[in-house]
Amino acid sequence: MRVVIAGAGIGGLTTALSLHAAGITDVVVHESTQEIRPLGVGINILPHAVRELTELGLGDRLARIGVPTADLTYVNRWGRLIWSEPRGVAAGYDWPQYSIHRGRLQFMLLEAVRERLGPDSVVTGSPVTSLDHDADLLVGADGIRSSVRAALFPQEGDPLWSGQVLWRGTTYAKPFMTGRSMLMAGDDVQRVVIYPIAPPEPDGRVLINWAIQRKAPETVPRGDWNRRVEVEKFFHHVADWHFDWLDVPALVADAEAVYEYPMVDRDPLPYWSTDRVTLLGDAAHPMYPTGSNGGTQAIIDARVLAHALATGKGLEFYESRRRPTTAEIVQSNRKDGPEVVLALAHQRAPQGFTQIEDVIPREELEEIALRYKQTAGFVPSALNERASWSV
């Protein structure tokens, strides 16, 4: 079986590795850019995706470049605790969760593909622009502006903008909280997400990813996902966000570069596949970066697709396992997913609170966290007991 993959991002490269591991070795990845560079900022890879990369033999490599996330903690605008829960192994999973630089993860996967499938397995400067191909299957893993998706659904148009914007950057700074915490602070007006994405430097500093989400005062260009802006454009929004244990303004001001991203997604599709074409990752189900699920779901797509093809179950099986789940995540993320606790705390106590239990009962917080895990497929017991997608 010959497979052509459009796109050498996280989803496309994991697909190549998954197919190879399942015995499908005639695979070529076509990347539109002339040079693959370690672009982007931080992402989180949740335990159900870490399991898949571990079963592909990449667990040690992942551990060397990522930070095993210790906890996910929500606080309000003034740093008052709303909710905190352990993550990864501490939460009962058999696999950790990793906070990691997107570009470093992509390069780790690229290195593994070239080692296992050969140096010519990834062809750069080679965009896939139509459904015409000389393979048994074309996999469109070419992102939110997928040419393959556009060929399947030519009337769809541009991604859908939420009206929100993300300003993102990375900064070397001293560790905060546990040193491996993922922090979400804010309310229903503005949110700040902060977490380390690399092991400590010799001087003790760590590379920290930060993102500010806020309603945009103007239309944001939706064609450039790495658009640099000056800090001064938005710094006033966080200028007084000083916590006893973290200086947000200093973190933002010290960034080497800052990027502006429109917060966009697309409506779920009625189908992903034809006889010799299918979609995967952001090409299939672009979603808001809520709940840390974008890269994670692409990795799981890749493993399920490889399993479906290698076992003869086909594209129908792949879609039946992945399309309903990802469609539900897209819809949940539009409603803020687990991050809805930030909005609830502000709506019920606009001037703040002393104890969160006076505002949101613990049972309600636990239900919100569990419901999203169920939607996204990473309830600890279910994940630990699930059969492997390895062939």
Side-chain angles (χ1 to χ4, degrees), residues 9-18 20-22 40-72 85-113 116 141 178-182 193 195-199 209 280-282 287 289-307 321-322 325-326 329 337-338 369 372-391:
I10 293 169
L13 294 171
T14 306
T15 301
L17 291 168
S18 299
H20 180 269
V41 282
I43 62 172
N44 264 258
I45 303 299
L46 298 178
H48 46 334
V50 173
R51 172 182 181 173
E52 304 308 333
L53 294 178
T54 301
E55 292 184 355
L56 285 172
L58 301 172
D60 290 342
R61 299 190 195 195
L62 194 57
R64 286 195 292 270
I65 61 174
V67 175
T69 310
D71 62 279
L72 171 61
E85 62 179 37
R87 281 289 166 130
V89 175
Y93 295 98
D94 290 343
W95 302 269
Q97 172 176 328
Y98 283 109
S99 301
I100 193 167
H101 190 286
R102 182 199 173 280
R104 293 179 184 177
L105 174 60
Q106 183 184 17
F107 261 62
M108 183 270 282
L109 295 170
L110 177 63
E111 179 183 64
V113 169
R116 299 178 185 184
T178 66
R180 298 187 289 115
S181 296
M182 182 177 186
V193 182
Y195 52 89
I197 57 173
N209 174 87
L280 182 145
D282 278 352
M287 58 186 66
T290 299
S292 306
N293 257 291
T296 287
Q297 295 301 323
I299 290 167
I300 299 170
D301 287 350
R303 290 279 286 164
V304 176
L305 176 61
H307 174 93
R321 292 298 185 274
R322 299 302 302 145
T325 295
T326 54
I329 297 172
Y372 192 75
K373 291 183 178 73
Q374 292 171 333
T375 297
F378 65 112
V379 175
S381 58
L383 174 60
N384 293 344
E385 297 167 7
R386 175 180 61 74
S388 172
W389 291 114
S390 295
V391 176

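For Arg322, the salt bridge (Lys or Arg N to Asp or Glu O under 4.0 Å) criterion is met by Asp301, not counting sequence neighbours. Under the salt bridge (Lys or Arg N to Asp or Glu O under 4.0 Å) criterion, Arg386 pairs with Glu52, not counting sequence neighbours. Tyr372 meets the side chain to side chain donor-acceptor pair (under 3.5 Å) test with Asn293, Asn333; sequence neighbours excluded. Residues satisfying the side chain to side chain contact (heavy atoms under 4.5 Å, CB included) test with Val391, not counting sequence neighbours, are Ala22, His307, Ala310, Thr311. With sequence neighbours left out, Ser99 forms a side chain to side chain donor-acceptor pair (under 3.5 Å) with Asn44, Thr69. When the side chain to side chain contact (heavy atoms under 4.5 Å, CB included) test is applied to Arg321, the partners found at least two apart in sequence or on another chain are Val304, Phe317, Trp389. With sequence neighbours excluded, the residues forming a side chain to side chain contact (heavy atoms under 4.5 Å, CB included) with Thr54 are Val50, Trp95, listed by chain and number. Partners of Thr326 by side chain to side chain donor-acceptor pair (under 3.5 Å), not counting sequence neighbours: none found. Here Ala16 pairs with Ile5, Val27, Val29, Val113, Leu117 under the side chain to side chain contact (heavy atoms under 4.5 Å, CB included) rule; sequence neighbours left out.
Proximity of Thr296 to Ile43: side-chain heavy atoms (C-beta onward) are nowhere separated by under 4.5 Å.
Side chains of Thr15 and Ser18: no donor on one and acceptor on the other come within 3.5 Å. Using modelled atom types, one finds no donor on one side chain facing an acceptor on the other under 3.5 Å when comparing Ser388 with Arg51.
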Side-chain donor/acceptor pairs under 3.5 Å, residues 373-383, sequence neighbours excluded:
{"from": "Lys373", "atom 1": "NZ", "to": "Glu85", "atom 2": "OE1", "distance (Å)": "3.3"}
{"from": "Lys373", "atom 1": "NZ", "to": "Glu85", "atom 2": "OE2", "distance (Å)": "2.9"}
{"from": "Thr375", "atom 1": "OG1", "to": "Arg371", "atom 2": "O", "distance (Å)": "3.0"}

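Side-chain atoms of Thr14 do not come within 3.5 Å of backbone N or O of Gly11 as any donor-acceptor pair. A distance-only check finds a donor-acceptor pair linking the side chain of His20 to the backbone of Arg116 [under 3.5 Å]. With hydrogens and angles disregarded, a donor-acceptor distance shorter than 3.5 Å links the side chain of Asn384 to the backbone of Gly92.
Separation of atoms CG (Asp71) and CZ (Arg87) is listed at 9.5 Å; rounding is to 0.5 Å.
Applying the salt bridge (Lys or Arg N to Asp or Glu O under 4.0 Å) test to residues at least two apart or on different chains, none of the pairs has a partner in residues 92-107.
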